[in-house]
Amino acid sequence: MPIQNAEIAAVLNEIADLLDIQEANPFRIRAYRNAARTVGEAGRSVPAMVARQADLDALPGIGPDLAGKITEIVNTGSCALLERLRKELPPGITELLKVPGLGPKRVRALYHDLGVQTLAQLHLAAQEGRVQAIAGFGPKTQQALLEATAARLRQERRFPLGVADETAAALLAGLAAVPGVARAVAAGSLRRRRETVGDLDLLVSLSGDSAVMAHFIQGEDGRQVLLHGGTRASVVLKSGLQVDLRAVPAQSLGAAWVYFTGSKAHNIALRRLAQEQGLKVNEYGVFRGAERIAGATEASLYQALGLRYIEPELREDRGEIEAARQDRLPVLVSLADLRGDLHLHTRDSDGRDSLEAMAAAARARGWRYAAVTDHSRSPAFARGLDPVRLAKQIDRIDRFNEKAQGFTVLKGIEVDILQDGTLELPDSILQRLDLVVGAVHHHLDLPRARQTERVLRAMDSRYFTLLAHPTGRLIGERAPCEIDLLRVLRKARERGCFVELNAQPARLDLADTACQMAKAEGVLVSINSDAHGTLEFNHLPSGIDQGRRGWLEKADVLNTRDLPELRPLLARTMG
DNA sequence: GCCGTTTTCGGCCCGACTGTTTTCAGTCG
């Protein structure tokens, strides 16, 4: 099995961690971390680039040395530097860096003074009171490490965006009501609409003196206070979700909102840009010397740096700053741009509502069309359709459409792509449909080459329209299948078919960087609810968020088209 | 270790909070 980008990134990150503990040049360490991030988010296969001897130096932050190291990692799975570092430090010591409160210096001290190499050893040392004996450590630090190691041994959690949204809304309402609070807003990964959220970042702007910090740490829900000062506090809610609150004067809200929205990489890039212009950016504003020249609003901060306003979903340092400078930022797709949905289920397979109810719910959203795409037989859980039942459904839809005014139910199927790449239903029935949504539900663990061939072969069917949930991942539960997405996209382009961005919160499949790749390859993305009941159309905002993170504009999304424009696109794939 | 429309050498983001220190280092975001 060829090595993946993520594995290369892991090697580079481990090198950075070990160098950090050895107190190497911090800028050298940063270079390894930047390279890890670049590779991890490259959006194309770095091993493939190595194979065809493409110029790795062209990737940002990768020079001749790192290009050599990456080539070595691709060819051997590791590199000499890492092997040497692993001999100089105990295996697994990098685990300690993930403990909150521990950085390289303290990890080094723990190892040198106590011989601590693992989480379990650290936990024991804290229990036995040996940690506070080290210079720079005290009883409080020891107690914190005792609790942190215990929590870490129970494993970390990330929260679905929907849960974070609800919690944030409730907390913000409470904060906004505190006297002296001008505005209370969400920042952080929640605002950037990441798939999951590790903690909540909230921000309040103050119009005068306020007891907002005291209010915040005194919630009646048993929240645990991690730290609190005059402008910043952190608590852990009973749910385990950590919430960080910052307070700033109203005149600094824009600068603070940019700063606390992040991402960290975006902030670093902004500050570097400011530096080049002789300016300084912090959470209080943009400064030329001692003079504050912007910061009341986000737009004013970007403007002071010569940039267009950048939407939060784009703030990942993936080219948005350069695009803002050149005034070629995408106009991101919005929920209102959708004209219909091309993937939903009814009671005829595993849906909960009737075809008529689903159509009515779709129509109530202001759409002019929706495609019914029940399962074919193979997913045993789904009571899927065989050719006879599908034929009956098709006839029912035809009768429904004759009566429906101003709304069209498109006839579709979510047909299983079998292990050998054939579609589960015969052409004789597929040819009667408006669209054929192909999906992989079984054997998600095939080797990369076979999984890729399977999907490419399915796309060879003249009736194939749209690839549903292309990687099959379930966030936090099931890793994406191994598949060469670039080849799949190029095939889709060649065949005139499409890929789905499935809006189910557990799927959000495609990922953001994959959306960017689809856009770059000129393949339209269909943002679909995959609704199994009328209420599940409410998942679409999650899909839109994900598409926006993937730089998608209205024109990049298949189902922003009205029916007269959509039909020929669907028909072309059927030919 | 990378990078350059001031630079191929000398830079590399910035501030708050904590715990431990008696003036600040380490960590975090």
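Chain letters run A, B, ... following the sequence lines, proteins first, then strands; residues in each count from 1.
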ask   = Since syn is defined as within 90° of 0, does B:dT7 count as syn or as anti?
value =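 This nucleotide is in syn.
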
Protein proximity profile, nucleotides 2-8 of chain B - base contact B, sugar-phosphate-only contact S, no contact -, cut-off 4.0 Å on heavy atoms = SS-----

query = Do A:E83 and A:S78 have side-chain N/O donor and acceptor atoms under 3.5 Å apart?
reply =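 Present: a donor and an acceptor within the cut-off.
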
key: Side chains of A:R315 and A:S263, donor plus acceptor under 3.5 Å   =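 A:R315 vs A:S263: no donor-acceptor pair found between side chains.
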
key: Over 12 non-hydrogen atoms of neighbours within 6.0 angstrom of CD in A:Q132   =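 Enclosed: over 12 neighbouring heavy atoms sit under 6.0 Å from CD of A:Q132.
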
Using nucleotides 24-26 of chain B, report all nitrogen or oxygen pairs with the protein that are shorter than 3.5 Å.
none

ask   = So, the side chain of A:D20 versus the backbone of A:A16: is there a donor-acceptor pair under 3.5 Å, distance only?
value =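 No, A:D20 side chain to A:A16 backbone: no donor-acceptor pair under 3.5 Å.
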
query = Any Lys/Arg nitrogen of A:E316 or A:R194 sitting under 4.0 Å from an Asp/Glu carboxylate oxygen of the other?
reply =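 A salt bridge is absent here (no side-chain N lies under 4.0 Å from a carboxylate O).
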
In whole Å, measure the gap between the [atom1] atoms of [N] and [M] for me.
N      : M      : atom1 : value
B:dT5  : B:dG1  : P     : 23 Å
B:dG26 : B:dT21 : P     : 13 Å
B:dC17 : B:dT22 : P     : 22 Å

Between the protein and nucleotides 9-16 of chain B, list every N/O to N/O distance that falls short of 3.5 Å.
from	atom 1	to	atom 2	distance (Å)
B:dC13	OP1	A:R30	NH1	2.3
B:dC13	OP1	A:R30	NH2	2.9
B:dC13	OP2	A:R30	NH1	3.2
B:dC13	OP2	A:R272	NH2	3.0
B:dC13	O2	A:R271	NH1	2.6
B:dC14	O4'	A:R271	NH1	2.5
B:dC14	O2	A:R271	NH1	3.4
B:dG15	OP1	A:K280	NZ	3.0
B:dG15	OP1	A:N282	ND2	3.4
B:dA16	OP1	A:Y284	OH	3.2
B:dA16	O3'	A:T231	OG1	3.2

message = Less than 4.0 angstrom between a side-chain N/O of A:T141 and OP1 or OP2 of B:dT20, yes or no?
response =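 So the side-chain polar atoms of A:T141 do come within 4.0 Å of the phosphate oxygens OP1 or OP2 of B:dT20, strictly under.
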
ask   = So what does A:V99 touch, heavy atoms closer than 4.0 Å: a base, only the sugar-phosphate, or nothing?
value =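 Result for A:V99 = sugar-phosphate.
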
ask   = With both distances under 3.5 Å as the test, what is the Watson-Crick or G-U wobble partner of B:dA16?
value =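 When the pairing criteria are applied, B:dT27 turns out to be the nucleotide that pairs with B:dA16.
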
